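Residue numbers start from 1 in every chain, and the chains themselves are labelled A, B, ... in the order their sequence lines are given, proteins ahead of strands. Model, not experiment: these values are computed from the prediction.
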Amino acid sequence: MKFSQMLIPTLKEAPKDAVLPSHIYLVRGGFVYQVASGIYDFLPLGKKVLDKVRAIVKDELDAAGCQEVQLGFVTPADLWKRSGRYEKYGAELLRFEDRKGNEFVLGPTHEEMMVELAKQFVSSYKQLPMNLYQINLKFRDEARPRFGLMRGREFIMKDGYSFHADREDMVREFELMEATYRKIFTRMGLDFRVVEADSGAIGGEGSKEFMVLAESGEDTIVVCEGCDYAANIEAAKRKQPEAPAEAPEAELNRFHTPGITSIGDLAKFFYVDPYYLVKAVAKKALYDEGKSAIVLFFLRGSDELQEVKATNAVGANELVDATEEELEAAGLVPGYMGPVDLVRNIGAMEGSPPFHEEKAHLNVRMIFDEGLKDARQMICGANEKDYHIVGADLTVLKDLEYADLAQTQEGDVCLQCGGKLAYTKGIEVGHIFQLGTRYSEPLGATFLDSNGKTKPFVMGTYGIGVSRLLAAVIEQHHDERGSIWPVSVAPFEVVVIVGNIKDDAQREAGEAIYEKLCQAGVDALLDDRTERFGFKMKDFELIGFPYAIVVGKKLADGLVELVDRQSLEKRELPIDEAVQKLLEYMQ
RNA sequence: CGGGGUGUAGCGCAGCCUGGUUAGCGCACCUGGUUUGGGACCAGGGGGUCGAAGGUUCGAAUCCUUUCACCCCGACCA
């Protein structure tokens, strides 16, 4: 292609609303154009990169035995109602009616559609396993689209679904997909980690995320400095922290603590480590059909509640902050909440105000963090204004419900190797799930096994954020001048820059080099514009082609320049040698 | 969804507070010329329902009301 004929609207100034390097350079480089919030047009260069990314994804998946299909973008609402996700998915699901009043949604993901397809055509164990995928448009009406291609409403995603006769085979496929995804992201030149993840709203039994390491990442991931353990903070596990040396010694008793309602104040008041305090976090858990419940989560004062873990622990759709009124209605005293059975146990203690029996039957579910197992010598809320309980022994309480609720902190100890855990930021570019029968069962997608028995498919699902990958690549590959594309996904592999297009010798030499490169199978662009030299160099650096061959003044001596975008290093070489070198780089 | 901000030419902005002729600047674009190794210069030119609707006024980009869009922080997010 000739630059002069291509639509490449590069900009000198950054759009005022762009913050991330990837967003700025995608717009300035003329790759994309924003049409509406979270919706982008792909211009010729952007489309070329997108196609290269798609091609790599397809190449590796096909090699792993997957089959590409393409499902409808507009999907019948009925399918969503049957899987129970029509309500659950919430406002992100864009719903509408056709002229006949039939309800449809724009597909935000395609489990339902793909299960329906399998149900229709896969009926015997002999057809299994089967892995179907598509690279297609998705639409999610995000509450807050942002960061260019990083979080759009309309985006391109590869979503794959596998169908198996049993769990074991599904796990085999899961591992194959992990290996395949590693190959895909490696080919794109990305530095990534595979992390343990929460399964989220999609459901299922186990999942891993592929995180591109970048400061601008929206996810916090916990990585071990000693081994390969890595996990999304929503799912990160740790070894229970060691107890600080000095446990507060006290007989079980009520203690007057006027106005002391926070963990910090309490620690100061008693002069103890927050480790020995019981933190109570009250939330309202929301369930299907508008049901809700007040839940009290208990943790050590030194820990923070991890909301995703907490949500999973109570099987809720969502947790929201409970209002003071709701807490009081449930018989709780904000600021002084504690394990209420404990309150009952000492209710008859001498000097206590009369214990109100109704408080023993509060409509509150209580869940304790695993870190509170065997907790003794604790200080907790007395569920009575201005009082705490000291010397609390939680082990006397019967039938407590325990769960992993605490957020792993930097400096915590790795469960696998005893190493130190640290935080880093990541961009989620892939997520693979062991789904099981979460969708096949409710949707009645079954097959006949070798004994002629009807069974639901055991499924896995695998996603890659294809358009997000464009942003992720730039986040990792850019400098203050622009993008620096890896050869594998570069919009063009090399640009041949003619220094002065009105100089016939330069123009002819540039065209000859360009022809030679094209014939050798190199994806080359000829910058034949009448712009000045510096202008074209700036564009080269901004757009970020991996290499440039500059035909300029040294042509008189038979020399051209080979420029490496990464290092910005220039080498003067005879034409043939420059072409030869470039071909070597393309290997 | 809560809090904040911004809408004036394709892009970036000034003008608005304190209403007053033909609404201005830089970049980009068109024509002619000079220029060609680091985002050139000269001359001429095209392009605007001042986000939208309503109101106040002799007169509104400017004041008032309503509304829409976009962005940022947070909540949310396979």
Under-3.5 Å donor-acceptor pair between A:R144 side chain and B:G3 base = no

For the pair A:Y181 and A:Y462, name the ring-plane relationship: parallel under 30°, tilted 30 to 60°, perpendicular over 60°.
-> perpendicular

Face-to-face contact A:F535 to B:G39 six-ring, under 5.5 Å, under 30° | no

With heavy atoms under 4.0 Å as the rule, sort A:K570 into base, sugar-phosphate or nothing.
-> base

Can you check the A:R151 CZ to B:C76 P distance for me, whole Å?
-> 12 Å

Is there a donor-acceptor pair closer than 3.5 Å between any side-chain N or O of A:Q134 and the backbone N or O of A:L71?
-> yes

On the 0 to 90° scale, with breaks at 30° and 60°, tag the A:H23-A:Y40 ring pair as parallel, tilted or perpendicular.
-> perpendicular

May I ask you to decide if the ring planes of A:F545 and A:F540 are parallel, tilted or perpendicular, using 30° and 60° as cut-offs?
-> parallel

Establish, with yes or no, whether the OP1 or OP2 oxygen of B:C71 is under 4.0 angstrom from a side-chain nitrogen or oxygen of A:S37.
-> yes

Which part of the nucleic acid does A:K536 contact within heavy-atom distance under 4.0 Å: base, sugar-phosphate only, or nothing?
-> nothing

Answer with base, sugar-phosphate or nothing: what part of the nucleic acid does A:R28 contact at a heavy-atom distance below 4.0 Å?
-> base

Across the strands shown, which category fits A:E234 at heavy-atom distances under 4.0 angstrom: base, sugar-phosphate, nothing?
-> nothing

Just checking A:E209: base, sugar-phosphate only, or nothing, at a heavy-atom cut-off of under 4.0 Å?
-> nothing

Would you mind classifying the nucleic acid contact of A:D539 as base, sugar-phosphate or nothing, using non-hydrogen atoms under 4.0 angstrom?
-> base

Compare side-chain N and O positions of A:K12 against OP1 and OP2 of B:G39 and report whether any pair is under 4.0 Å apart.
-> no

With a 3.5 Å cut-off and just heavy-atom distances, do the side chain of A:E561 and the base of B:G37 make a donor-acceptor pair?
-> yes

Roughly how many Å is it from CG in A:D321 to P in B:C76, rounded to a whole number?
-> 9 Å

